[in-house]
Amino acid sequence: MGKIAMRPVERGATPLDPDGTPIAFGHYRDARDALIDRIGDYCSYCENVLPSKVDVEHVLPKVHHPELECEWTNFLLACDYCNPVKSDTDIVLDDFFWPDRDNTARAFAYEKDLAPRVADRLSGKHRAAAQSTLELTGLDREPSHQKYRPRDRRWIKRREAWGVALESLRDLRANDTEAMRRAIVRTAISRGFFSIWMQVFEQDTDMRLRFIKCFQGTAPDCFDRSTRSVQRPGGRI
Ligand SMILES: [Zn+2]
């Protein structure tokens, strides 16, 4: 099935106002709730559930691209770890993979007890883009990483989610009912880390289809009917 990480999302077109015209956001913060509504209450990079105090993330930083400050297609959501790590770094979009345009599930690998890394299947330019994306977001910073700071608890959250997902898998094996399946999906969406749930339930297509459907805003065209991650239409991977 392949290892996956960084949920690909579908942000969709600019939301419409009641008259049916695309909303022109006066301030980027005004887009936050619409964004959460579209792509779920999760960090677009590390997949953690967002904290209560969250801001809109600009893919291209607003300092360098003031014209994109209120542009819907430049918005994602980031937690208070990923956001400051990525910061105002001036970047070229094509040097990285993005969860709203590429099938980022194919770019990285999550494995239990290991830091996220570039997926084995990638080579050349794709490998470089995936590596740059890891560095930009600091997603692979665990205590052994040179740039790790103790404040960064993303790796702990990730491990906790693995633990809960594995426990859920054991519960399902002991008692495989529709109610149990629904309860596990509720646990998953409230805890976040889509990719970890997808991986732990690797052998269970039914559960994986539920995760794809129930994690708000997961790009459906990034997975085939058997939930294998596939090349994203219009994306580079
Ligand atoms: Zn994050």
Side-chain angles (χ1 to χ4, degrees), residues 3-11 28-29 31-33 35-62 74-89 91 93 96-119 129-165 188-199 211 215-219 222:
K3 310 254 178 291
I4 69 165
M6 202 181 284
R7 183 178 70 115
V9 295
E10 186 148 278
R11 182 179 41 224
Y28 64 85
R29 288 201 178 100
R32 187 197 58 190
D33 292 351
L35 265 175
I36 291 175
D37 202 46
R38 289 279 179 84
I39 63 174
D41 206 357
Y42 309 102
C43 174
S44 301
Y45 304 123
C46 75
E47 308 188 313
N48 204 349
V49 169
L50 290 172
S52 321
K53 178 178 171 289
V54 63
D55 242 348
V56 167
E57 145 77 0
H58 293 88
V59 175
L60 289 172
K62 54 187 185 302
N74 193 40
F75 294 154
L76 283 174
L77 292 162
C79 73
D80 45 6
Y81 296 107
C82 294
N83 197 359
V85 172
K86 180 169 171 281
S87 180
D88 291 338
T89 316
I91 51 172
L93 273 188
F96 304 87
F97 286 128
W98 300 101
D100 59 326
R101 14 184 272 171
D102 302 301
N103 186 353
T104 36
R106 296 168 72 76
F108 310 102
Y110 274 11
E111 276 177 279
K112 193 176 182 302
D113 301 329
L114 292 177
R117 58 180 176 81
V118 173
Q131 187 58 44
S132 302
T133 308
L134 278 188
E135 281 162 25
L136 182 72
T137 53
L139 213 59
D140 55 347
R141 292 185 191 176
E142 298 209 349
S144 60
H145 192 286
Q146 209 184 330
K147 291 187 177 166
Y148 171 74
R149 296 285 173 275
R151 189 184 163 268
D152 185 349
R153 295 185 75 246
R154 290 177 295 183
W155 70 284
I156 297 175
K157 292 289 176 192
R158 210 161 37 230
R159 281 179 201 205
E160 285 172 359
W162 271 109
V164 175
I189 59 177
S190 62
R191 188 164 276 268
F193 295 101
F194 167 82
S195 299
I196 288 174
W197 293 89
M198 289 291 279
Q199 207 137 304
F211 296 141
F215 274 83
Q216 185 74 16
T218 304
C222 287

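One-based numbering, in listed order, for ligands and for the atoms of each.
Two residues are said to be in side-chain contact when any heavy atoms from C-beta on lie closer than 4.5 Å; C43 and L50 meet this criterion.
By the criterion of a separation under 2.8 Å, the protein N/O/S atoms near the Zn ion (ligand 1) amount to C43 SG, C46 SG, C79 SG, C82 SG.
Proximity of a side-chain donor or acceptor of D102 to a complementary backbone N or O of T104 within less than 3.5 Å is not detected.
Applying the side-chain hydrogen bond (donor to acceptor under 3.5 Å, both in side chains) rule to pairs touching residues 36-46 yields Y45-E57, sequence neighbours excluded. For the salt bridge (charged side-chain N to carboxylate O under 4.0 Å, His left out) condition, the pairs that include at least one residue of residues 133-142, sequence neighbours left out, are E142-R158, E142-R159.
Between the side chains of W155 and Y148, at least one donor N or O lies within less than 3.5 Å of an accepting N or O.
Residues passing the ring-ring contact (aromatic ring centres under 6.0 Å, His included) test with F96, sequence neighbours excluded: W98.
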